[in-house]
Amino acid sequence: MVQSRYNPRERESHWQKIWNDKDLFLAREDAKGEKYYVLEMFPYPSGRIHMGHVRNYTMGDVVARYKRARGFNVLHPMGWDAFGMPAENAAIERGVHPAKWTYANIDAMRTQLKALGLSLDWSRELATCDPEYYAQEQKLFLDFLEAGIVSRHSANVNWDPVDHTVLANEQVIDGKGWRSGAEVEQRELTQWFFKISVMAEELLQALDGLERWPEKVRTMQRNWIGKSEGLQFKLDLVDDEGASAGELEVFSTRHDTIFGMTFCAVSMDHPLTAEAAKTNQALGKYIEECRRSGTTEEALEKAEKTGHVLDVRVAHPFIDGKTVPVLTANFVLMGYGTGAIFGCPGHDQRDFDFCKALGLDIIPVVAPDDLKGVELVSYIEDYSDRPEIYDGEGTLINSEFLDGMTIIEAKQEIAKRFEAMDKGERQVNYRLRDWGISRQRYWGCPIPVIHCGACGIVPVRAADLPVKLPEDVSFDKPGNPLDRHPTWKNTTCPTCGKDATRETDTFDTFVDSSWYFARFCSPRADVPAVREAVDAWLPVDQYIGGIEHAILHLLYSRFFTRAMKETGHAGLSEPFDGLFTQGMVNHETYKLEDGAWVVPADVKIEGEGDARRAVHVTTCAPVTIGSIEKMSKSKHNTVDPEDIIGHYGADTIRWFMLSDSPPERDVQWTEAGVAGAWRFVQRLWRLMGKASSWIAPAKSEMPGELSEPALELRGVSHRRIQRVSEAIESLKFNVAVAQVHEFTRVIETVVGNPKYEDDAGIKWAAREACEIVIQMFGSMMPHLGEECWSMLDHDQLLAETPWPQADPALLVEDTVTIAVQVNGKRRDELTVARNASKEDIEAAALKLDNVLRAIEGRDVKKVIVVPQRIVNVVA
RNA sequence: GCGGACGUGGUGGAACUGGUAGACACACGGGACUUAAAAUCCCGAGGGAGUAACCUCCCGUGCGGGUUCGACUCCCGCCGUCCGCACCA
């Protein structure tokens, strides 16, 4: 009996088993073909996959399958970013051990991913919480330590009071912890750091070479590294009496405006402030006040610029006898430059605001070049009343020996003079800080060092690695369980043998994800990375993931790859040749009257357009339809991929994810859209069922002479190969989908058409078309592809079949339809032979009724003919 | 404030290098099949005007200019939306 419907539930697992049994997707270094490494950002094992994963991994899988069909030797692995706080939270809330929780989640998610039919090399699967993985991470760390890439020092760190741990600067967003959302506090702790800042220039420069990265991500990284070139120099401090009182070192990128200096300001954390606060109670109070208003987003945004005058003054370096006040100011940051600035209110907006508020002098020292005479005089006179400062190009004024110079010249002159006095030097500053990697958590990779009273910090011996996490830990008290684990924490010093303690901090989990792409090359090796394997596979040719990792993960990975190069573990600097950041999956939100969010599965929608109404399925209560937002647990607007796969199958969800929206933009999940994808799956299946008995038999020869429609169909097919290939190459999956739709429509009009019943040529061309369309959608809907492929009597699997070659002779059409314009407006069209001469086209165009009418008897001045494109008659 | 991206029908979007704007899909309307429904198939559609009809004309890619035989595409100036960064001296 012929089934009237394709049953994905049964067929998808059938094909998955066959792929698996044949080990089709295992990557081997000795395999034929140029290597191609496609990687999607590995997931955190939260327990269930979400739609974002489906979108991400589907895209990667299309690329992997396409490249494989194109003859590339493809590496397409999957792993788990498995350390991190949710596991500990589960332990605290539910008493389940983080390891048990994590591995159970991994098992569940692996099953879900497998149901998607992804062409992954599961033999390379890794989990960062596996001692096999983190042992190698510890080795890397010890190598980095030896190479001087690691440091340990006391530092003011960002402390997350909720998660009880330190955060890297990159993990503080608007003054709050990136996970907990808690207000971050400053604490002084001794920490381990990766010296990423010494690579700032290199990391910045190399961004220019990352041509297959989105400009947006490169810009974000540039801003994050935050290079600024300026002059760091010392100014003389004087006391009330005019006697020397030491020096104040400042950093400026606008040292050309030194004659506009009317004050100096220091941070409240600056030594000068601390010194003065000892005797100055009012200052102490002021500092306290500033700290209280804090570093929150709102506070910073609204904060008035305030300052508190100190007892010392600064002597102007080039104007004898002139001194300016020194203030502690709330807008000066200790963490940047020297924590002290010279203020030039004339050409710095902050300084300008500050001076207006405090009534300090404002001296303009740069004037736009186009100002002359009276204009220039009034520019200077009215300067203080301007709403905004002038910070454009110009010529120096009011600046003695700098007068008349350009800004660049003045900067050079000032730098030269300070250098000659031995009081300053040109300096490049970066915003990028060293990466603090110590975390006071249990569920992370232990930092493999031992603290010995006699020997100090002693690295764990290679033979003693890995430093495994102890399993018998309790989460009944806040803080790090490792810190109170007596048998694990207490050990002996590898050097002197005396009693010693282990480092109880673990790595930031971003360390784990900074090299996993390298580990995939040799996932079971007992060294971090086998050089031959790394050299063979890296860089990742196409990396796909969310924009949320534009800075953190991608910058750290770039750093890590360089560090691995320095320590001989890799031969390259940039890990990701091509980067693609995909958009999010959005959905409408639903709310009950009491404000509670409702999941889409519990909402029934009636009506359409403005008349759309929603009701709660179980209670029939009215539901308000809210805005379209990113699917998130907090808004309850999530759709579980497993439900969709169970209902429609993996191919449908994959197809929908690739349709319509360009992959870099957000996609809106809609039930109607999925249903549409489902209908298309069925349509293709029916078409192939019909075709299997109608088209020419498999492996039959092409009949000698093809009829016109047969040739035409072949043309359509072969042009489609080209267009779909181009679309997939450039990751425009939505365009590829549209091409398949269009192509399918064409095939449908041919297959089974009684008109062609006796045309052996078209039956042959129809077979070719059917095979091509299967191959075109096969990377996107691989199960359906195999199903249809086998329906057409193929013994070989589609997954093993090479991508079809487009016949160049068929790519060009014999006749082309071109538009005919009169004065740039389209009036008619013309179908001519492809190779028709300009003269013939012109003559034909000038005979068209619509053209003659449009000309209305005027003289034809000019006729522009672009063969195969357009004719424009200028009258 | 700085930086980036974007703005096209009811909706998502397509348009090669400046050459027929709206492919393809969703939603919609009409029809066929059916006792009926589902499923499926066919047809229609940017807006407006004229015509019995074939068709024809006008307007149209956020707004205003410009370059060009020709502009969604390039240039200048605005407006708007989204994202990122932000007292970084």
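Considering only the side chain of A/R679, B/A27 comes nearest among B/G4, B/G3, B/A27.
Within 4.0 Å of A/V863, counting heavy atoms only, lies no atom of the nucleic acid at all. Within 4.0 Å of A/R665, counting heavy atoms only, lie sugar-phosphate atoms of the nucleic acid but no base atom. Contact annotation for A/T670: no contact, since no heavy-atom pair falls under 4.0 Å across all strands. A/K825 comes within 4.0 angstrom of the backbone, heavy atoms only, and of no base. When heavy atoms are screened at a 4.0 angstrom cut-off, A/P662 is found touching the sugar-phosphate backbone but no base atom. Across all strands, A/R827 comes closer than 4.0 Å only to sugar-phosphate atoms, never to a base (heavy-atom distances). Across all strands shown, A/V866 has heavy atoms under 4.0 Å from base atoms, whether or not it also approaches the sugar-phosphate. Contact annotation for A/N429: no contact, since no heavy-atom pair falls under 4.0 Å across all strands. Among the heavy atoms of the strands, none lies under 4.0 Å from A/S659.
B/U68 and B/C78 have their P atoms separated by 23 Å, given to the nearest Å. Comparing the same atom, P, in B/A71 and in B/U20 gives a spacing of 12 Å after rounding to whole Å. Using C1' as the reference atom, B/C76 and B/G19 are 24 Å apart when rounded to the nearest Å. Nucleotides B/A89 and B/A5, compared at atom P, are 22 Å apart to the nearest Å. Taking the C1' atom of each, B/G1 and B/G9 are spaced 37 Å apart, rounded to whole Å. Rounded to the nearest Å, the gap between the C1' atom of B/U8 and that of B/G62 is 10 Å. Nucleotides B/G70 and B/G13, compared at atom P, are 32 Å apart to the nearest Å. B/A14 and B/A23 are spaced 5 Å apart, taking the C1' atom of each and rounding to whole Å.
One interatomic measurement links the two molecules: CZ of A/F352 to C1' of B/C87, which rounds to 16 Å at whole-angstrom precision. If you take CD of A/E742 and P of B/C24, they are 5 Å apart, rounded to a whole angstrom. Put simply, CD on A/E829 is 12 Å from P on B/C55, counting in whole angstrom units. Atom-to-atom, CZ of A/F777 to C1' of B/C24 comes out at 17 Å; the value is rounded to the nearest Å. A/M261 places its CE atom 14 Å from the C1' atom of B/A89, with the value rounded to the nearest Å. In this structure, the CZ atom of A/R254 is 11 Å from the C1' atom of B/A89, given to the nearest Å. The interatomic distance linking A/D828 (CG) with B/U20 (P) rounds to 15 Å, in whole Å. In this structure, the NE2 atom of A/H741 is 18 Å from the P atom of B/G12, given to the nearest Å.
Under 4.0 angstrom from either OP1 or OP2 of B/G84 there lies no side-chain N or O belonging to A/T219. A/R686 has a side-chain polar atom (N or O) that falls below the 4.0 Å cut-off from OP1 or OP2 of B/C41. Residue A/R350 has a polar side-chain atom (N or O) positioned under 4.0 Å from OP1 or OP2 of B/C88. Here A/N330 does not reach the OP1 or OP2 of B/C87: none of its side-chain N or O atoms lies under 4.0 Å away.
Taking the six-membered ring wherever Trp is involved, the centroid distance between the rings of A/F418 and A/H255 does not fall below 6.0 Å.
Nucleotide B/C24: paired with B/G12 (Watson-Crick or G-U wobble, both distances less than 3.5 Å). B/C78 and B/G62 make up a base pair, with Watson-Crick or G-U wobble contacts both under 3.5 Å.
Contact of A/N872 with B/G70 (side chain to base): no donor-acceptor pair of N or O atoms is detected under 3.5 Å. The base of B/C16 is paired with the side chain of A/R869 by a donor and an acceptor separated by under 3.5 Å.
Judged by the 6.0 Å distance and 45° axis criteria, A/R431 is positioned over the aromatic ring of A/W224.
Electrostatic pairing of A/R826 and A/E829 counts as a salt bridge here, judged by a charged N lying under 4.0 Å from a carboxylate O. Taking the charged nitrogens against the carboxylate oxygens, A/E748 and A/K690 have no contact shorter than 4.0 Å, which rules out a salt bridge. Ion pair A/R745/A/E742 not flagged as a salt bridge, since none of the NZ, NE, NH1 or NH2 atoms sits closer than 4.0 Å to an Asp/Glu carboxylate oxygen.
B/G77: glycosidic angle beyond 90° from 0, hence anti.
Expressed to the nearest 0.5 Å, how far CZ of A/F733 lies from CE of A/M657 amounts to 13.5 Å.
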Scan the side chains in residues 338-357 of chain A for donor-acceptor partners under 3.5 Å anywhere in the protein, sequence neighbours excluded, and list what turns up.
residue: A/T338; atom: OG1; partner: A/E249; partner atom: O; Å: 2.8
residue: A/T338; atom: OG1; partner: A/A340; partner atom: N; Å: 3.4
residue: A/T338; atom: OG1; partner: A/A340; partner atom: O; Å: 3.3
residue: A/H347; atom: ND1; partner: A/Y390; partner atom: O; Å: 2.7
residue: A/H347; atom: NE2; partner: A/V365; partner atom: N; Å: 2.9
residue: A/H347; atom: NE2; partner: A/V366; partner atom: N; Å: 3.0
residue: A/D348; atom: OD1; partner: A/R350; partner atom: N; Å: 2.9
residue: A/D348; atom: OD1; partner: A/R350; partner atom: NE; Å: 3.4
residue: A/D348; atom: OD1; partner: A/D351; partner atom: N; Å: 3.0
residue: A/D348; atom: OD2; partner: A/R350; partner atom: NH2; Å: 2.8
residue: A/Q349; atom: OE1; partner: A/I389; partner atom: N; Å: 3.2
residue: A/Q349; atom: NE2; partner: A/D353; partner atom: OD1; Å: 3.2
residue: A/D351; atom: OD2; partner: A/C344; partner atom: N; Å: 3.0
residue: A/K356; atom: NZ; partner: A/S384; partner atom: O; Å: 3.0
residue: A/K356; atom: NZ; partner: A/R386; partner atom: O; Å: 3.3

